[in-house]
Amino acid sequence: MRRQLPFFFVFLFGTFMVVQNFVPHEYSERAKEFLSDWTIIIGIFALALGIWSLIHVSLDKINKRKPNWEYSFVTLVGLVAMIFFGFTANVSGSWLTYFAALMVLLISLWLLVQGILGAGAGVTKAKEKFFAGIGLAAIFTFIALYDKSWAFHFYTSEGLENPLFKHFFSDIMVPLQATMFALLAFFISSASYRAFRARNLLATLLLIAALIVMLRFTPGPWGDLISKTSTWVMNVPNLAAQRAIVIGIGLGMVATALKVILGIERGYMGKG
Amino acid sequence: METVGIWCGAILTLAIFSFLYKDNPVYKACEAIFIGVSAGYYAIVYFFDSIYKKFWLGAVTADQPEEWLFGGAILGVLFLTRLFPKISWVARWPLAFIVGATAGLYMVNYFVTNAMNQVASTITDVIARGDAGDINWIQSFGTLVILVGVITGLMYFFFSKEHKGAFGGGAKVGIWFLMVTFGASFGYTVMSRMSLLIGRMDFLLGDWLGLIN
Amino acid sequence: MLNTIATVILLLMGLSLIYVLYLTIKGRPVERRIVFLYIGFGVMLPLLMKMTPPLPITSDVQRLYDHIITLPPGSKVLCAFDYDPPSAPELHPMAVAFVKYAFKHNLKLIIMGLWPQGPQQANMAIAAALEDPAVALFPHEQGVDWVNLGFQSGNEFVILSMGSEFKRMFPRDTRLIPYDSIALLKNVVNFSNIDFIMNFGAGYPGTKEWVQIGVDRFKAKLGAGNTAVQATEVYPYLSSGQIVGLLGGMSGAAEFEKVLGEKGKATTFLLAQMFGHATVMAFVIIGNVAFLVLGRKKKDAAGNN
Amino acid sequence: MKNLFNMSRFKIVFTVCVLLSLYSFVNAQAPAVTTVGITPPAPVTELTAVDTDNDHGHSITVKWTPSADDGAGANNVLGYRVMRSNSFEGPFNDTVGVVPLGSTNFENSSSIEEGAEGFIPDNTDFYYRVDALTGDSLVFSSSEVTGPVHSYGQWFNKGLIPVFFAVIIFTALTVLFVSAARKGKELYVRPLAGIEAVDDAIGRATEMGRPILYVFGLGVASDIATIASFTILSRVAKRVAEYQTNLIVPCYDPIIMTVAQDIVKTAYMDAGRPNDYKEDAVFFITQAQFAYVGAVNGIMIRELPATNIYMGKFYAESLMLAETGVVSGSIQIAGTDEIAQIPFFVVACDYTLIGEELFAASAYLGREPLLLGSLKAQDYAKAAVLVLALLGILAVNFSGDLGLTWLVNFKDWFKVID
């Protein structure tokens, strides 16, 4: 019974959404609103599971001193700090107690999680750590209540305006993201150098098409001819093949969606 | 505060570039910071966007609350049963909802946009006439090539038919078209990858070192 | 001063490539990290040089421009910022040029984003546009001339809901002012009250979803600016007329700046692009020449023993 | 005296405003308008109002033939104003829309939300009148009233009839072939290099005693490419459980992580080794594209996996993963339906599944009759699309000379109007 029920739900929701596509009526549109909002909300709960898995794996690496375990500390500090910034907003600018509170929170969380993981995960003196964690957490709440210069915000999004949250985003995430992406310029060059060899007919076609399109900026009379051929290559053979792949993918998706709804395809439910 | 931000960005940029030489502790540290900070950032952004703005404001504290949002929250809580191995099979229900609902939506959507509309735009008049009725040869040749490309491309993707004889010939022409499109889009994207690197160099030379005005 | 130094170094690097070719033919192919060095400097040095490359306006960009100029003053344009900092180098110059044109021609901008960092990119684009004194003269009041409705997660489901009502997906703008009390959005219910959609997209969700739902389903007029990678996937929608025009990658941005008559970063970056491309092609040619020479050598060696 | 002066100033300001607002509706080629002593234009004729078809209700389409003085005759019509009222004689002071000259219809619609502005309740009678407007706002002529008319939502969208039949035929084909396959009918499927490579790549990893890296990419659990990837993972996990090679599955999406954990655990149980299942073989990294790629690149360089398998939705990071994989000397097999990324996998990986080959992989790996049956149906659908496309092309190009006029509107079957 436990295995069949989910597939019945898949069939139910799947057929509903297929039929809903053909029914423009108000109720069908409202139903689609419900379902799309549900998907968004479920996504959030799943994210909580993901964060727990990240914490669990990092702690496991630290406790068992697996290779590169020191860096898991850095990940956990980054994670907790960012979440802490996100939920607090600085009201009147005294940063001292703010950082003191953050340090206390980090240590107390560290001890609490160690305590919860317990002896199983190779944690020594789990009980004492757990209570120490509780004690520190009490101190943290005392600081949070006493110091009015910043405040916890679970109910409003002022946290997003916290200068530390914004600076962590713009000064750490943005440059890291942009530079990781920029590595592609190096990788595309080494890939071209290594792979674009006229080994056989197919590789030669790949090479010629790439060269024509890469040369589309060369100035001068030759450049004009090449840029015209490159536009032609992009608008004719490229369009034709793209369209064949798109039609193929379209039909492939419809077939797979149908297999899922009819319960022929069950791999995603864990049954191989 | 501004210069601290730029220096921090520059150091991180150089640290990531060092990965090109070889894996080193500085890169490992940046990787770890990046994972932690980004996981925290998206947790907060998605929390405030979905739970707070849509669920808390939309359902719990709204004047005429949208009760059906609670359905999503219940399914979400069901999902959390993964944490307890004994009852973790319950988590299959919200998954069934997500996969089933989206499969149903995608099935018709992709049928219309990918299959029907693309086929419709393939069915065109091969002979393209200029406004004075004279045949525009280049355009007509182009449309003919597109038709041949689409048909042979589709032939390549047949699974249950042996690629032999005339059908095999068609499929071979199809893979030629595919290789041309892969080469062309690879060449086309060299430019966008370069512009990423240019963006970083502009940051290093301009904002950080101030060599570019 | 920097200009001359950079040009000299670049020339030396060009010459050294011949030595690299010699090495590869000798059977000692160049190591990956050397290729990286050449690309790094090949892209960095042109940024210090003052040359500007010649630039023809392609039809994809011209078609978008021809459509934009038909938008009468006061028409409402929905700007979908679906990209993030990594794809900003290509799309930011396009967005800045578009915002400058919009303010100068009194187009009302309704900004939103399907990517979390999209709306922030929009604010940066508006700030960059207003740095130009010529643009700052025109009215640019937030809430009257432009409004930023922020990010909403849910990908194409967001567009689906916007089809019936914008307010459902964007109850408040980024300043948390409710939808109904924003002057610009007074009688804007859904796509039928919007004159044009301009989508800056870098992947999923992006132009494909706006075509699938915004155009195919709700009959909106859509123009798109995409990164070079994503542009190849959007071409079929341009040729079937589902979008009115397409700006592809940095060359699209530079052409758009040129056709609008705006001086911006894209034009200076294009020179660096050309040198980057030249370096990549040089190594491809080196690889093939060496492959052919070594191939023939192997054949000779096989031939005579 | 003072208010008289104000009054006249008020009238001037008022007319200027109306003129300006009207002017903004009139497009460029408005004819020269004679303002002095405008004679009322001929009213609009054949006014009809019906519920807008194929919609979710709350919308009425008003159609009319333009006034004789629009673009001809006195040529003084600037636009049309659509008025609505709840009764035939009732006061028409509810302007629902103003359209420029030359227009012949207007859709008076509202959203489905009760409190929305200008909300049109369904199944309530309305009466419409269209006024032909001139330069002088006081001079216009009204048509006769039409109605009663009420809006309602349709339960079937007639514009989607071609799609409806296509879906029905496709489902029938699938059921037909699946039942044929169940009865043991042998189904031929051409060899796919990428899929065969998966088995010997796992063998290679076992010999070398190095891990296998399985990457889902940036898709979510409901992406069809990710669902196809789950099936491939379950096949890989089964072999991994038998050969006891260790498996690393770094995840970008938390839902995929939970499903993948389930798949790997079930594989170990089916192979009779439940306790060999390592809890963190499948783990979450982060939901940021490049932080995820940085972490996976780090894993590749440090763990040196023998085989990297990339199956699912990939975006710009495809080449970063593949190039780092080359550096760490692994065999790489990739499959994605993201067209923009297939070239990078083709160039950098050893084997690549192009577009729908990824979806066919589940049928290949298991050789399960049911999946082969649905693959057969997919091929028949492709054959149908090919034949219909060829027919359409013939129709459009040669319909004139061969007299196959009925084929001409064949193309509209594919044009989807909704």
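The shown structure was predicted, so the numbers you read here are calculated from the model rather than taken from an experiment.
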Counting only heavy atoms not in [X], do more than 12 sit closer than 6.0 Å to its [atom1] atom?
{"X": "B:F167", "atom1": "CZ", "value": "yes"}
{"X": "D:F165", "atom1": "CZ", "value": "no"}
{"X": "D:I168", "atom1": "CD1", "value": "yes"}
{"X": "D:Y351", "atom1": "OH", "value": "no"}

Using non-hydrogen atoms only, which part of [X] is less than 4.5 Å away from chain B: side chain, backbone, both, or neither?
{"X": "D:Q378", "result": "side chain"}
{"X": "D:A383", "result": "both"}
{"X": "D:I255", "result": "both"}
{"X": "D:T226", "result": "neither"}
{"X": "D:V346", "result": "side chain"}
{"X": "D:L375", "result": "side chain"}

**OP:** Report yes or no: does D:D379 contribute a side-chain atom to a donor-acceptor pair with the main-chain N or O of B:F158 at less than 3.5 Å?
**Re:**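 No, the answer is negative, given that no donor and acceptor are paired below the 3.5 Å cut-off.
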
Original post:
When you measure from the side chain of D:Y292 to the backbone N and O of B:I35, does any donor-acceptor pair fall under 3.5 Å?
Top reply: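 Answer holds: no.
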
Subject >> Portion of B:K22 that has a non-hydrogen atom of chain D nearer than 4.5 angstrom >> reply: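 The answer is neither part of B:K22.
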
Which of the residues [options] is involved in the greatest number of heavy-atom pairs with chain B at under 4.5 angstrom?
{"options": "D:I301, D:I224, D:I354", "value": "D:I354"}
{"options": "D:G298, D:A291, D:A295", "value": "D:A291"}
{"options": "D:A363, D:A360, D:G355", "value": "D:A360"}

Subject >> Leading residue by heavy atom contact count with chain D [cutoff under 4.5 Å; candidates B:D23, B:L95, B:V108, B:L147] >> reply: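 Sorted descending by pairs with chain D, the first entry is B:D23.
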
**OP:** For the residue pair B:F186 and D:F344, categorise the inter-ring angle as parallel (less than 30°), tilted (30 to 60°) or perpendicular (more than 60°).
**Re:**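 Rings of B:F186 and D:F344: tilted, 30 to 60°.
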
**OP:** Kindly confirm or rule out a cation-pi arrangement of D:K382 over B:F157, judged by NZ or CZ under 6.0 Å from the six-membered ring centre and within 45° of its axis?
**Re:**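 Cation-pi check for D:K382 and B:F157: fails.
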
Subject >> Part of residues 37-46 of chain B lying next to chain D, heavy-atom separation under 4.5 Å >> reply: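 Interface residues of residues 37-46 of chain B: B:S38, B:A39, B:Y42, B:Y46.
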
Original post:
Hey, would you say the D:F290 and B:F34 ring centroids sit under 6.0 Å apart?
Top reply: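 Not close enough - the centres of the two rings lie 6.0 Å or further apart.
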
**OP:** Give the intermediate values and the outcome of salt bridge (Lys or Arg N to Asp or Glu O under 4.0 Å) for residues D:R302 and B:E31.
**Re:** CA-CA 13 Å; D:R302 292 161 212 147; B:E31 183 196 305; 2.8 Å; yes

**OP:** Start with the C-alpha distance between B:F182 and D:V347, add both sets of side-chain angles, then the distance that settles side chain to side chain contact (heavy atoms under 4.5 Å, CB included), and finish with yes or no.
**Re:** CA-CA 9 Å; B:F182 294 152; D:V347 166; over 6 Å; no

Original post:
Is there side-chain contact between B:R193 and D:L319, with heavy atoms separated by less than 4.5 Å?
Top reply: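 Counting from C-beta outward, B:R193 and D:L319 never come under 4.5 Å.
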
Original post:
Heavy atoms, side chains only, cut-off 4.5 Å: are B:F159 and D:K376 in contact?
Top reply: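 Contact flag for B:F159/D:K376 side chains = no.
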
